[in-house]
Structures are given as structure tokens and as C-alpha cells.
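Comments concern the structure below.
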Amino acid sequence: MNPLAIREDFPIFQEKINGHPLVYLDNAATSQKPRQVLDVLRRYYESENSNVHRGVHTLGTRATEAYEGAREKVARFINAPSPYQVVFTRGTTESINMVAHGYARAHLQPGDEIVLPPSEHHSNLIPWQQAARATGATLRYLPLQEDGSIRLADVEAAVTDRTKVVAIAHVSNVLGTVNPVREIAAIAHRHGAVIVVDGAQSVPHMPTDVQDLDCDFLAFSGHKMLGPTGIGVLYGKPSLLAEMEPTYFGGEMIDIVELHESTWKEAPWKFEGGTPIIAGAIGLGAAIEYLSNIGMEEIAKHDAHLADLTVQRLAEIEGVTVYGPGPGKPRAGLVTFNLDGVHPHDVATVLDAAGVAVRAGHHCAQPLMRILHVGATARASFYLYNTEDDVDAFVAALKQAKEFFGHAIG
Ligand SMILES: Cc1ncc(COP(=O)(O)O)c(CNc2co[nH]c2=O)c1O
């Protein structure tokens, strides 16, 4: 894998930031877009644009074939048995909300439990708070180890016959921990529970095989994997999608509409009310082709290598705290840190002055920030177009920030 050659495909790396080359290390928030995706979007609007499914004219056929072809690409990418198990949504957040509202609420009652880690992104935490509040079910949080990892023994202890839903990120957007989803799914299934996997930080960065994971639902976002904003995916097992109720209603999704009663199409279309996210889906399909041509194993190794290199380099700087797995322990391609005594927003501002883009804040994980006893953190997150030179530039800028804020260079 040659990140320098890959960078040539991304126009945004021609940008100068405060007079410096862009060092983009905020990929956990959103990824940049290759020309191959941008060109497909332009070509769609220039030669295929139409509404889908009902038109009998040529453009409608072209757009429908492109849209449903994107669904097939997503299904192959996650090894789903059928494209009919791939629902297009606006993103991870909408996907998880659809499960919480359309499936969980119909299956939860007082005394039932939803098991999840406290480190979840708000998009995989608040929907379950709402579902618990609406149904009388209760949330049961898993304990975290010092490095943020989750022990299977603790999952075994927490998941009981009262558990109806286990909700968990495959990769934490703050800690970079990779959770043992396959094993957790087996525990959930032994107790008759379903597992909802938040794949926002895993699907873009590593091979994902929903049949191997045996997850019941999987949610992820196209904008984090070279695709446009506004497109995401909810994967679900056929029997679960069949019994799951749509959460919004209108055109496209219906079979028969009477004045007082209506019936729906089969999944996935019953969940895609209104004009669907046609261009977004087609753009996601192009992004998946780009990623697949490079190879997800290669990308996973590359991202993890840059994260490991960063952890090693930060360990050499006195006054820097790194959160998540320690040196040499498995970590996905992100590193969350703090410069002791300096607000992460100030650190990120100084880094930006040097052209280095990192994320600062609570990363939509406020309960986790409290567990870490911090109000906020900074995070560097890597992808296929980042290089070791990016790590060097980041470390140099951080040392400048340290000097600027009055720390002696360690
Ligand atoms: C683990 C996880 N789950 C869900 C979401 C929500 O995805 P969306 O629906 O596409 O917004 C994110 C986005 N995470 C981040 C967005 O910005 N910084 C982040 O860490 C995430 O990292």
C-alpha cells in the first residue's frame, strides 16, 4: 500500500493550511474523498440523474440500476448474504435509532435489560436511554478495564435471560479499543438477546464480515469511508428486518395505501421512505470500490501502524497522557491524548496553526470523559492517505504547543 500514491487521488491535499501542507488527522470524524468518488458523483448528476424505482424512462432505469448496484456493492463489502439486508440510511446515528425505535421498543418491557459499555458514542447510547425510558427496560453498563477494554468475563456476568439487547461499538472512537464482537454476540445469543454493533469506526478501517461476526444489526456511515455525507447503512438479519417496523413513513416504502390502513414493501425498501439517498448511495458504492482495490487488511495494518508509531512517539514527550491501549497492545487507527494542564482545544488550535488537523472535545462520549476524569481530550486519527511524515509533523507541532504553553520540552 503506497499512501503517497494514494494521496494523489485526493484533491484536498493540495490545500495549504495557515501556509503549511495539510496534515489531516481527523479521520474518525470524517474522511477525505478521492477523485474517483467525486467523478462518479459528477457523472451520476450529468448522465444518470433521475428518481428511482417507478420511472419507466431510460434515465430512471439508469439511476435505479446505479442505486441498487450500490446496495449490492455494500452487501459484498460486509459479506452480507443478500443485498436485501442492506438498508440505506443517513448514517450510523439514524441506523441505530431505527433499530432502537423500530425493533427494540416492540420487544422491550419492564424488567428487560439493555447491556452496553459506558464508553459508547452518544449515537449508540442515547437511543437506548430513550428506548429504556419508553418501555420500562433498564440499562446495564459493562465495566471498563484501565485501558478501556472490555473483559468477556464481565460480559458473561452482565448478560442474562433478562437481556434483550446488547449494544456495542466494534471500535471505540475515543480509546481505539477493538471489542471482541464475535464472542460477545455468542454470549448475547445464548441468552436470546440481539446484538447491535456500531461499526462507524471499524467498517471504514478493517475487513468486516457480518456472517463471521454473527451480528444481528450493524450500523456505519459512508462519510467515514471516503463516501459523501448523508449516506449510511443498517445491516440486519432477514428475520429481524422482516419483523422490524419502519420508523418514518411516506412514498416509496408502501405496497397498498387505503384511507385508513397501509401496507409496506419488504425490507430493505420499507425502511427507505421518500426519495432515497440516490447520489449518496452511488458515491458510497464508488468509495467501496476504491477501498476494496487497496484491500481492507492492508488499510487496517497501515492505520494501526501509524497509531502505534504515534503512541511510541508521544511516550517520549513528558507531560502527555495517552488514553486507551498501552504501547504494543492492539489499537485501531486513532490516539486520544492530552497535554497535561493545557485544554485540548488550545492544543488543537496550536496544531492547526502548523497545518495539523486533530479533533478536540468530548467526541460525543461524555460518560467516558467522566470515567477518564477529564472534561475533554484531543484525538489524532489516521487513514490510508496518512504517512509517517504526518506523524512527525504532528509530534513536532505538539512539542511546539508544549513549549508555547510553558512546559519544558521532555
Ligand atoms: C463510534 C461512533 N458511532 C457513531 C457515530 C455517529 O456517526 P454519524 O451518524 O455519521 O455522525 C460516530 C461518529 N464519530 C465522530 C464524529 O465526529 N467525531 C467522532 O468521533 C462514531 O465514531
Side-chain angles (χ1 to χ4, degrees), residues 24-33 74 87-101 116-130 142 144 148-150 166-179 181 184 195-206 208 213 215 217-235 247 277 280-281 283-284 287 303 307 323-324 331-337 344-345 348 357-369 372 374 376-383:
Y24 184 75
L25 303 180
D26 195 17
N27 295 283
T30 198
S31 67
Q32 299 303 342
K33 319 303 172 191
V74 173
V87 179
F88 284 125
T89 69
R90 287 185 305 128
T92 306
T93 301
E94 182 171 68
S95 297
I96 295 171
N97 273 279
M98 286 168 74
V99 179
H101 284 253
L116 70 169
S119 49
E120 290 305 299
H121 185 283
H122 294 160
S123 294
N124 196 32
L125 192 152
I126 297 170
W128 305 113
Q129 284 180 347
Q130 296 298 313
L142 293 165
L144 299 180
S149 59
I150 290 162
V166 176
I168 189 165
H170 196 172
V171 169
S172 164
N173 69 311
V174 174
L175 299 164
T177 43
V178 183
N179 293 317
V181 167
I184 293 172
I195 184 167
V196 183
V197 175
D198 176 346
Q201 298 295 344
S202 57
V203 175
H205 294 276
M206 57 184 66
T208 301
L213 295 177
C215 53
F217 296 102
L218 172 72
F220 55 99
S221 300
H223 69 92
K224 295 184 190 286
M225 52 191 287
L226 313 187
T229 48
I231 187 67
V233 171
L234 171 65
Y235 157 84
T247 50
I277 315 161
L284 176 56
D303 296 352
Y323 305 95
R331 167 191 283 269
L334 62 94
V335 181
T336 295
F337 65 96
H345 281 135
V358 299
R359 177 78 34 178
H362 53 64
H363 314 293
C364 294
Q366 288 184 15
L368 177 57
M369 295 293 118
L372 299 176
V374 293
T377 57
R379 180 190 64 195
S381 50
F382 305 94
Y383 212 177

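As the structure lists them, so they are numbered: ligands from 1, and atoms in each ligand from 1. These figures come from a predicted structure and were not determined experimentally.
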Matching residue for Leu234 among Val196, Val99, Leu218 - test: side-chain contact (heavy atoms from CB on, under 4.5 Å): Val99

The protein heavy atom nearest to atom 21 (C) of ligand 1 is His121 CD2, 3.3 Å

By the definition ring-ring contact (aromatic ring centres under 6.0 Å, His included), identify the one residue from Phe382, Phe220, Tyr383 that meets it with His205. Tyr383

Look at ligand 1 and say whether Glu120 reaches it with a heavy atom at a distance under 4.0 Å. no

Within the 4.0 Å heavy-atom cut-off, what Ala29 brings close to ligand 1 is both

Side chain to side chain donor-acceptor pair (under 3.5 Å) test vs His223 passes for just one of Thr229, Thr30, Thr92, namely Thr30

Check ligand 1 against Ala28 and write out every atom of the ligand that is under 4.0 Å from a heavy-atom position of the residue. 14 (N), 15 (C), 19 (C), 20 (O)

Protein contact to atom 9 (O) of ligand 1 [nearest heavy atom, distance to 0.1 Å]: Thr93 OG1, 2.6 Å

Which segment of Asp198 sits under 4.0 Å of ligand 1 when only heavy atoms are counted: side chain

Close-contact set for ligand 1 against Ser123 heavy atoms, below 4.0 Å: 4 (C), 6 (C)

Atom 14 (N) of ligand 1: which of Arg359, His363, Lys224 has the nearest heavy atom? Lys224

In terms of atom number and element, which parts of ligand 1 are under 4.0 angstrom from non-hydrogen atoms of Arg379? 18 (N), 19 (C), 20 (O)

With Trp128, the side-chain contact (heavy atoms from CB on, under 4.5 Å) member among Leu125, Asn124, Ile126: Asn124

Give the numbers and elements of all ligand 1 atoms closer than 4.0 Å to a heavy atom of Gln201. 1 (C), 14 (N), 21 (C), 22 (O)

Can Val87 and Val233 be said to form a side chain to side chain contact (heavy atoms under 4.5 Å, CB included), step by step? CA-CA 6 Å; Val87 179; Val233 171; over 6 Å; no

I'd like to know if the side chain of Gln201 and the backbone of Ala28 have a donor-acceptor N/O pair within less than 3.5 Å. yes

Donor + acceptor pair across side chains of Asn173, His121 (<3.5 Å): no

Geometry only, no angles: is Asn173 polar-contacting ligand 1 at N/O separations under 3.5 Å? yes

Show which atoms of ligand 1 fall inside a sub-4.0 Å distance from at least one heavy-atom site of Ser221. 7 (O), 8 (P), 9 (O), 10 (O)

With a 3.5 Å cut-off and no angle check, do the side chains of Thr177 and Ser149 form a donor-acceptor pair? no

